[in-house]
Amino acid sequence: MDAEAIQKEIAEMDKRLALLEQKVDQIDKNVSSINSNLSKIFWIVGGGFIMAAIGWVIRGGLGN
């Protein structure tokens, strides 16, 4: 290989690297968004269980 071919190959690898870095950044943002949404869902579900337990206690719990 001559020097020009090597330079072209290096330039092509730099392009690929830049594209891969962009894809990794986008995937990281997507995962962070999914994590945030799952956290909110778990809070809502957990709050529902707590509300159900409080309602059960208010209605008499085991005393009924």
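Note that the numbering runs from 1 along the sequence shown for the chain.
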Other residues, nucleotides, ligands: >12 heavy atoms within 6.0 Å of E4 CD: no
With sequence neighbours left out, what residues match E21 under salt bridge (charged side-chain N to carboxylate O under 4.0 Å, His left out)?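 Partners of E21 under the salt bridge (charged side-chain N to carboxylate O under 4.0 Å, His left out) test: none.
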Rounded to the nearest 0.5 Å, how far apart are [atom1] of [X] and [atom2] of [Y]?
X	Y	atom1	atom2	result
K40	N35	NZ	CG	11.0 Å
I10	L17	CD1	CG	12.5 Å
E9	D14	CD	CG	10.5 Å
W43	I50	CH2	CD1	8.0 Å
D2	K8	CG	NZ	8.5 Å

Salt bridge (Lys or Arg N to Asp or Glu O under 4.0 Å) partners of residues 22-39, not counting sequence neighbours, each pair once: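 The answer is none; no pair qualifies.
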Hey, quick one: are F42 and M51 part of the same hydrophobic cluster, counting side-chain heavy atoms closer than 4.5 Å, chains of contacts allowed?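 In one cluster: no.
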